[in-house]
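Remarks on the structure that follows.
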Amino acid sequence: MRPSFHPLTPVFAAEVKDIDIRQPIDAETAASIEAAMNRFGVLVFRRANLDAEQQIAFTRWFGPLDRGFAKVRNAANRFNVPNLADISNVDYNGDVVPKGHPKRVGSLANQLWHSDSSFQSPSAKFSILTIHSMPSWGGNTEFADMRAAYDDLSDAVKAEIADLTVEHWALHSRIDILGDDDYTQEQKDAIPPVRWPLVRVHMASGRKSLFIGAHCRAIDGMSVPEARILLAELLEHATQPKYVHVHEWTMGDLIMWDNRCTLHRGRRYDLDQRRELRRSTTGYAPVKAEAAE
Ligand code: OGA
Ligand code: MN
């Protein structure tokens, strides 16, 4: 049986049915999932129930594994499986972390609209997230379609932003927005800032996409306040409900998204209640034409 794809909104995101991804998939199935990703940007597999190894095996079909922000904290994870990020408010021993713990800051930073690893080059391609425990309220994950949002900009704004370059830095959201500055110089230097065009071509679909979010800290040739206001306005435009899909988790769900053409964020929940997710992420080979755009 081949997977089937069922759109979740008029503009992007689809639910995948007729497939059990706990079983190894073949190249043809992987290709059909990749093609659906290029079209929909977000795919939801309800109750996929993957363990750590199965998640990594599934992820490997879509590109080389990427460690992203783990390079800053460099903490061991508790899964004994490399390249699986512990997206939780739980420490190495499985206890919910107290106030002030870096993982609490991380959980809060994830509640800002962002694209995973936009602070590195190449940035992340697909992120794959599974849920293993849920709080009693809140904690949805939301996605926004940056291709549809770009398409709807006025011609004047499209012309204004066409050639702008944005600086992305891994710690920007954490230090500037959350007021957390307990990072050592070594941690700050672990991931130097990178520059990306504000408008990128999503090579897999040929469509243009806004590349913005919480890691953006400056725009070349613009004053900081001008840049921040422009970025804030673009973000507000791009995250209107008509471009957003809200995922309400059920245990075992798996979601995969394309970081090059979507933004996402977690929603608030009680940080004293356990919420555990696991994320695997793929990078991609940079495409020359993309850098030039
Ligand atoms: C992530 C992320 C949001 C959430 O795993 O990259 O941003 O809802 N997660 O936990
Ligand atoms: Mn994220």
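A quick note: this is a predicted structure, and the numbers were derived from the prediction, not measured. First listed ligand is number 1; within each ligand, the first listed atom is number 1.
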So Ile33 and Trp61, side-chain contact (heavy atoms from CB on, under 4.5 Å) or not? Walk me through it.
CA-CA 10 Å; Ile33 292 172; Trp61 280 101; over 6 Å; no
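In summary, the atoms of ligand 1 found under 4.0 Å from a heavy atom of Asp116, numbered by their order in the structure, are 6 (O). Close contacts between ligand 1 and Thr141 involve ligand atoms 4 (C), 8 (O) [criterion: under 4.0 Å to a heavy atom]. Within ligand 1, counting atoms from 1 as listed, the ones closer than 4.0 Å to a heavy atom of Ile87 are 5 (O), 10 (O).
Of the possible donor and acceptor atoms, one in the side chain of Asp145 sits under 3.5 Å from a partner among the backbone N and O of Arg147. Arg274 contributes a side-chain N or O that, together with a main-chain N or O of Gly94, makes up a donor-acceptor pair within less than 3.5 Å. Under the 3.5 Å distance criterion, the side-chain polar atoms of Thr29 are left unmatched by any main-chain donor or acceptor of Ile25. A donor-acceptor contact shorter than 3.5 Å links the side chain of His114 to the backbone of Leu112.
Considering both main-chain and side-chain atoms, Trp249 never comes within under 3.5 Å of ligand 1 through any nitrogen or oxygen pair. At least one N or O atom of His264, backbone or side chain, sits closer than 3.5 Å to an N or O atom of ligand 1. Distances between N or O atoms of Arg265 and those of ligand 1 include no value under 3.5 Å.
Contacts of Arg275 with ligand 1, taken as heavy-atom pairs under 4.0 Å, involve the side chain alone.
For atom 1 (C) of ligand 1, the closest non-hydrogen atom on the protein side is Arg279 NH1, 3.5 Å. In this structure, atom 3 (C) of ligand 1 lies nearest to the protein heavy atom Gly266 N, 3.7 Å.
Within a 6.0 Å radius of CG in Asp155, other residues, nucleotides and ligands contribute 12 heavy atoms or fewer. More than 12 heavy atoms of other shown residues, nucleotides or ligands fall within 6.0 angstrom of atom CG in Asn140. The 12-atom threshold is exceeded at CD of Gln240, counting heavy atoms of other residues, nucleotides or ligands nearer than 6.0 Å.
A ring-centre distance under 6.0 Å is not found for Phe211 and Tyr150.
Here the straight-line distance linking atom NZ of Lys125 with atom OG1 of Thr59 works out to 11.0 Å at 0.5 Å rounding. Rounding to the nearest 0.5 Å gives a distance of 4.5 Å between CG of Asn83 and CG of Leu65.
For the Mn ion (ligand 2), the nearby protein N/O/S atoms, meaning those under 2.8 Å, are His114 NE2, Asp116 OD1, His264 NE2.
By the 4.0 Å heavy-atom criterion, His114 is counted among the residues contacting ligand 1.
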